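To start, the structure itself, in structure tokens.
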Amino acid sequence: MQDDKQPVQTNFIRKIIESDLDNNPNFPEIITRFPPEPNGYLHIGHAKSICLNFGLAKEFGGLCNLRFDDTNPEKENTEYVESIKQDVKWLGYDWEDRLYFASDYFQKLYDFAVELIKHDKAYVDGLSGEEIHEYRGTLTEPGKNSPWRNREIQENLDLFERMRNGEFDEGSYVLRAKIDMRSPNINMRDPVLYRIRKAAHHRTGDKWKIYPMYDYAHCLSDALEYITHSVCTLEFEDHRALYDWIIDNLQTPSRPYQYEFARLNLDYTVLSKRKLISLVNEGFVNGWDDPRMPTISGFRRRGFTSSSIRKFCEVIGVTKNDTRIDPVVIETVLRDELGETTQRRMAVLDPLKVVIENYPDTTEQLEAMNHPQKPEMGTRKIPFSKTVYIEKDDFMEDAPKKFFRLSPGREVRLKYAYLITCTDVIKNDQGEIIELRCNYDPDSRGGNSPDGRKVKGTIHWVAEDGAVEAEVRLFDRMFTSAMPDKEEDWRADFNDDSKQINNTSLLEPSLKTADKAERFQFERLGYFCADSVDHSSESPVFNRIVTLRDTWAKVSKAR
RNA sequence: UGGGGUGUAGCCAAGUGGCCUAAGGCACCGGGUUUUGAUCCCGGCAUUCCCAGGUUCGAAUCCUGGCACCCCAGCCA
């Protein structure tokens, strides 16, 4: 990574690490981990965690592992594993040879459980799921002990082994920690450690009939990997007591500690895996990488850079506050970067024919800068001819004085070409404007005003000669309300106009050779990216990543 | 009503008893430059830190008491 050298804002986790290091000269190498469950695609919320964990490790000269928390075979599969690896890599992070799976630890975890049983810290319960729920008590009432809580150690050992051997049906037995059924923290009321599942696991197949629960597997996996700082989201705060209990009651190779930060909430979208899955399965979007999706693969397909996502994660900060971020924040970060790095091109999305009556029947080549502030990015030739196309929006028959684009009798600059004045408006039988007639000033080649006269408007255009027809996909926010997930029927707020396919676009000839995933700024329109899947030079397909900031649109809407 | 958290501008967020009559970013509002109504530049934007008391020469920072919001009762993670 060559970017990310902006001054970093500190956060409380960074400070905890600094103080750990300051207070203990023998503090081990900092090791963090990113621990997704492979049960879906990664989204922008995961990016925050990835940047935090890998970023912290890098900053303190330590390591960050990629660990799949694959303890629930029914929800997980290798497609998800592969997509997650691809996404983390794309974000610019490297776990080197430290790719781990909780399922790699199943035997060790089993041995630890036997230890707990031997120390009378765990027991096999025969209560049904429903009974366990009843015995647990409520938020305000204590639970009560299971009748099996005082089973003999030897019997527990025997039963647990037989659970593993597949002798019992799912749901008939569980292994529970023996802690305190009256604890005000519900997680400490004899939590289930192991359950019987006869499903095939994506990595261990049908070898195991019992699977560890998250709370049990996670802390021990951390300890086995010598994780120093186990960073997770706020909803696990209540689980920390259990995390510590398990580690403290076993002889583990290391002593990790858990810290929690607030997860990301983005307005106008949803970030829960369940909802994202249903958007895909119910056909609201065209898959996990639909450019409207807040998934990493969606952002990538849309044309976002990984550095903009990293920068975004830095900018929003890490705290314990419940926050919602407006999507304009990530768009601003992206624009800042693309404005610097991207070459300019001309394209007309909604063309209006313009015939320049006093221009000869020839085609000439004009020179255009690839970046207005960076001459070192070079120039290119664009053809100009008697017939050109401009944006329909750039013409108004009865224009207010603040409208300084084209209108009858007014003069504008065709960028890099000539000054033109509209002389006539041609309409069809329905009264729609279908063509404009203009005159040009032959002395204004390149767009310069020969006598220094003020020309307020400069518009983009594409000449008929050499124009490339393209499909351009325009995207908008996926939901019409900022917090769709607050409503019970969140699907009702899905933005049906979130995707528009435009087949009328005309591009300047140089865009014919654009590569898949190549990004440009289309002058005055925004940043666009050749679609990484559907684009080809025979049938170009561009996605609009984000518009330019548009003060005029804001002003005209306000009136 | 039990437990765990959080409250600094429209949105994020520094700040941990005196260089704070509270950084920075986004948004917003002016003004300038401009062959993108873009970019860039300049200026504005919390006498106040959830509220109320208290301690102190001095409080966003300490104490007490409220209030609001978030999370937890899966054999999910």
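Within every chain, numbering begins at 1; the chains are lettered A, B, ... in the order of the sequence lines, protein sequences first and strands thereafter. Please read these numbers as outputs of a predicted model, since none were measured by experiment.
The side chain of A/Met213 lies closest to B/A77 when the candidates are B/C72, B/A77, B/A27.
Taking the P atom of each, B/C70 and B/C75 are spaced 25 Å apart, rounded to whole Å. As rounded to the nearest Å, B/G58 and B/C20 have C1' atoms that lie 12 Å from one another.
Contact annotation for A/Glu141: no contact, since no heavy-atom pair falls under 4.0 Å across all strands. Counting any heavy atom pair closer than 4.0 Å across all strands shown, A/Thr319 reaches sugar-phosphate atoms only and no base atom. Residue A/Ile132 is in base contact, counting any heavy-atom pair closer than 4.0 Å across all strands shown. Here A/Pro372 lies in heavy-atom contact (under 4.0 Å) with a base. Using a 4.0 Å heavy-atom cutoff across all strands shown, A/Asp215 reaches no nucleic acid atom at all. Contacts of A/Leu127 with the nucleic acid, taken as non-hydrogen atoms under 4.0 Å apart, include base atoms. Here A/Arg335 lies out of heavy-atom contact (under 4.0 Å) with every strand. A/Tyr194 comes within 4.0 angstrom of nothing in the nucleic acid, heavy atoms only. Among the atoms of the strands shown, only primed sugar atoms or phosphate atoms (P, OP1, OP2) are found under 4.0 Å from some heavy atom of A/Val192. At a threshold of 4.0 angstrom between heavy atoms, the contacts of A/Arg413 include nucleobase atoms, whether or not backbone atoms are also involved.
Side chain A/Asn321 to base B/G7: no donor-acceptor pair is found below 3.5 Å. In the interface, the side chain of A/Gln373 is paired with the base of B/A38 through a donor and an acceptor atom under 3.5 Å apart.
Summarising the base pairing, B/C69 is matched to B/G5 through a Watson-Crick or G-U wobble pair whose two defining distances lie under 3.5 Å. Using N1 to N3 plus N6-O4 or O6-N4 for Watson-Crick, or N1-O2 and O6-N3 for G-U wobble, each under 3.5 Å, B/A52 pairs with B/U64.
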